[in-house]
**Student:** 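I'd like to ask you about the structure that follows.
Every number for a ligand or one of its atoms is a count from 1 in the order of the listing. Residue numbers count from 1 along this sequence. Values in this document were obtained by computation on a predicted structure and should not be read as measured data.
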Amino acid sequence: MNLLEQMTSTSTDLQGKDLLSWLNYSQADVSQLLAQAQYLKENPHSSFLAGKTLAMIFEKSSTRTRVSFEAGMVQMGGHALYLNTKDIQIGRGESISDTAQVLSGYVDAIMFRTTSHEKLQELAEHASVPVINGLCDVYHPCQALADVFTILEQKGRLHGLKIVYVGDGNNVAHSLMIISAMMGMEVVVATPEGYEPAPDVVAQAEKLALQYEGSVTISHDPHKAAEGADVIYTDVWASMGQEEEQEERRKAFQGFQVNQSVMNQAKDDAMFLHCLPAHREEEVTAEVIDGPQSYVFQQAENRMHVQKAILQALIGYR
Ligand code: CP
Ligand code: NVA
């Protein structure tokens with residue numbers, strides 16, 4: 001397939017689709033997005049989305065998601081609007097469904113960062129343009145695509161690699177499990193008791209692992225989990241909205257810090273990844289995150305490249 005055909009097929013296959021999680025995407029869809037992201041990384045400026053507008057609704061803070069989506073739209077000739085729920089009428093009680101229908105009349109896609117997956121589903125149900133999950137309480141799919149893109153970039157493959165997530169079984173862990181299982185990776189998630197990923201997400205990831213020759217294991221022993229790993233991943237112990245649980249979580253997560261001793265269990269060339277923002281000396285030591293095995297800033301940059309591929313595919317190539 002030549003490049004033009006590849007770009008055209010990317011748009012025809014996924015055009016108009018929402019991206020709430022990777023669950024209604026296939027391995028072929030993800031592979032195609034990864035290939036297109038690589039092309040867009042090498043050829044950043046284009047007019048693929050000339051005249052197109054992305055609305056970005058934020059109910060929570062963001063640095064990477066906000067800036068990478070906005071810069072990505074500009075690089076493709078389009079425009080992005082930052083809408084904080086405190087400033088738009090949602091903050092004064094206008095319904096999600098009315099907002100979805102109104103915005104669909106103005107823009108070509110809507111990105112939503114929200115406290116609840118149900119709100120995201122409601123927005124997607126009532127919007128006639130693609131809706132992209134920019135993080136919710138259950139998933140963070142754009143992050144997961146950047147994660148596997150970064151691994152592929154360094155390792156040259158995904159299938160058969162061992163990825164170990166140490167920490168909270170949260171939104172980032174959920175999306176990482178799903179996409180890694182879908183790409184045929186061996187996924188191990190090591191959490192304290194009571195902080196495991198949601199059982200329905202684990203079940204979905206196991207189903208994908210079966211289909212794509214991957215595996216999913218839940219562990220409570222980070223050192224054992226890390227043995228022979230190609231990638232070690234962690235995220236904050238208290239996510240946005242869990243500030244009140246911070247102290248309790250700090251206690252519960254003792255022993256789940258990614259430090260040099262955990263990294264030493266992994267392969268010599270293992271990568272360290274973190275979605276960021278990070279809390280040094282909590283979930284990860286400065287020695288690891290600022291050390292030679294860390295790819296966190298490449299990973300953050302890659303958010304933009306993969307999201308451009310997502311935008312191009314869902315909005316459509318013209
Ligand atoms: N990783 C991530 O989504 O970062 P932001 O919260 O800064 O967008
Ligand atoms: N789990 C974190 C990810 C931040 C990008 C949160 O939800 O706050």
Side-chain angles (χ1 to χ4, degrees), residues 19-22 37 54-73 80-85 110-120 132-151 165-180 189-192 195-198 201 231 233-246 248-250 252-253 256-258 272-280 282-284 289 294-308 310-311:
L19 173 58
L20 306 193
S21 83
W22 291 112
L54 171 72
M56 309 188 296
I57 311 174
F58 283 91
E59 234 177 4
K60 291 178 168 183
S61 309
S62 170
T63 297
R64 280 144 289 269
T65 305
R66 176 180 176 177
V67 179
S68 58
F69 265 108
E70 182 158 345
M73 281 300 290
L81 287 167
Y82 172 75
L83 306 170
N84 190 304
T85 46
I110 306 170
M111 192 233 79
F112 191 19
R113 169 166 285 198
T114 175
T115 52
S116 109
H117 191 66
E118 286 71 32
K119 285 192 211 170
L120 189 73
I132 300 170
N133 184 353
L135 178 147
C136 67
D137 53 339
V138 191
Y139 300 114
H140 197 358
C142 297
Q143 180 66 53
L145 191 65
D147 301 340
V148 288
F149 182 86
T150 309
I151 299 167
Y165 177 97
V166 178
D168 186 22
N170 61 17
N171 45 8
V172 168
H174 287 165
S175 287
L176 188 71
M177 285 172 72
I178 289 167
I179 208 165
S180 306
V189 176
T191 73
Y195 293 92
E196 296 88 356
V201 176
V231 183
Y233 198 120
T234 193
D235 184 16
V236 289
W237 292 339
S239 284
M240 289 182 274
Q242 295 173 332
E243 287 76 13
E244 279 173 14
E245 295 172 34
Q246 206 140 6
E248 179 190 330
R249 284 174 168 265
R250 207 196 306 271
F253 284 83
F256 285 80
Q257 181 188 65
V258 175
F272 171 75
L273 296 178
H274 189 310
C275 60
L276 304 179
H279 294 151
R280 282 171 175 74
E282 278 189 32
E283 74 275 5
V284 60
I289 196 169
S294 174
Y295 289 84
V296 298
F297 297 115
Q298 290 92 328
Q299 182 187 6
E301 183 195 310
N302 286 335
R303 285 289 304 276
M304 181 174 72
H305 306 304
V306 301
Q307 287 160 196
K308 285 170 72 179
I310 293 168
L311 289 164

**Student:** If the test is side chain to side chain donor-acceptor pair (under 3.5 Å), which one of Thr85, Asn84, Thr114 qualifies with Glu59?
**Tutor:**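 It is Thr114; the other options fail the test.
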**Student:** Below 4.0 Å from ligand 1: does a non-hydrogen atom of Arg303 turn up there or not?
**Tutor:**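 Yes.
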**Student:** Taking Arg250 as the fixed residue, which of Glu245, Glu282, Glu243 is the one that meets the salt bridge (charged side-chain N to carboxylate O under 4.0 Å, His left out) rule?
**Tutor:**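 Option passing the salt bridge (charged side-chain N to carboxylate O under 4.0 Å, His left out) with Arg250: Glu282.
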**Student:** Taking a 3.5 Å cut-off between nitrogen or oxygen atoms, can you list every pair linking ligand 2 to the protein, with distances?
**Tutor:**
unit_1, atom_1, unit_2, atom_2, d
ligand 2, 1 (N), Asn170, ND2, 3.3
ligand 2, 1 (N), Asn171, OD1, 2.9
ligand 2, 1 (N), Asp235, OD2, 2.7
ligand 2, 1 (N), Ser239, OG, 2.7
ligand 2, 7 (O), Asn171, ND2, 2.9
ligand 2, 7 (O), Ser239, OG, 3.4
ligand 2, 8 (O), Met240, N, 2.8

**Student:** Only heavy atoms of Leu276, strictly under 4.0 Å: list the atoms of ligand 1 that pass.
**Tutor:**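 Here the atoms of ligand 1 in question are 1 (N), 2 (C), 4 (O).
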**Student:** By side chain to side chain donor-acceptor pair (under 3.5 Å), which residues pair with Arg303, not counting sequence neighbours?
**Tutor:**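 Result, side chain to side chain donor-acceptor pair (under 3.5 Å) vs Arg303: Thr65, Gln143, Gln307.
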**Student:** When you compare the side chain of Ile110 with that of Ile132, does any pair of heavy atoms fall below 4.5 Å?
**Tutor:**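 Counting from C-beta outward, Ile132 and Ile110 never come under 4.5 Å.
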**Student:** In chain order, what residues pass the salt bridge (Lys or Arg N to Asp or Glu O under 4.0 Å) check against Arg280, with sequence neighbours excluded?
**Tutor:**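 Scan of Arg280 (salt bridge (Lys or Arg N to Asp or Glu O under 4.0 Å), adjacent residues dropped) gives Asp290.
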**Student:** Using heavy-atom distances, let me know which of Met240, Lys60, Arg113 sits nearest atom 6 (O) of ligand 1.
**Tutor:**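 It is Arg113 whose heavy atom sits nearest to atom 6 (O) of ligand 1.
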**Student:** Could you find the nearest protein heavy atom to atom 4 (O) of ligand 1 and give me its residue, atom name and distance?
**Tutor:**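 Its nearest protein heavy-atom neighbour is Arg64 NE, 2.8 Å.
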**Student:** Within 45° of the six-membered ring axis of Phe58 and under 6.0 Å from that ring's centre, is NZ or CZ of Arg66 located there?
**Tutor:**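 Not satisfied by the 6.0 Å and 45° rule.
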**Student:** Could you tell me, atom by atom, which parts of ligand 1 come under 4.0 Å of a heavy atom of Thr63?
**Tutor:**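 Selected atoms, number and element: 5 (P), 7 (O), 8 (O).
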**Student:** Output all residues satisfying side chain to side chain contact (heavy atoms under 4.5 Å, CB included) with Ala252, sequence neighbours left out; order by chain, then residue number.
**Tutor:**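 Once residues adjacent in sequence are excluded, the partners of Ala252 under the side chain to side chain contact (heavy atoms under 4.5 Å, CB included) criterion are Tyr195.
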**Student:** Show me which atoms of ligand 1 lie under 4.0 Å from any heavy atom of His140.
**Tutor:**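 So the atoms of ligand 1 that pass are 2 (C), 3 (O).
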**Student:** At their closest point, which heavy atom of Val236 faces which heavy atom of Pro277, and how far apart are they?
**Tutor:**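 That would be CG1-O, 3.4 Å.
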**Student:** Any heavy atom of Leu135 closer to ligand 1 than 4.0 angstrom?
**Tutor:**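 No heavy atom of Leu135 comes that close to ligand 1.
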**Student:** Establish, yes or no, whether a centroid distance under 6.0 Å links the rings of His117 and Tyr139.
**Tutor:**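 That pair passes the under 6.0 Å test.
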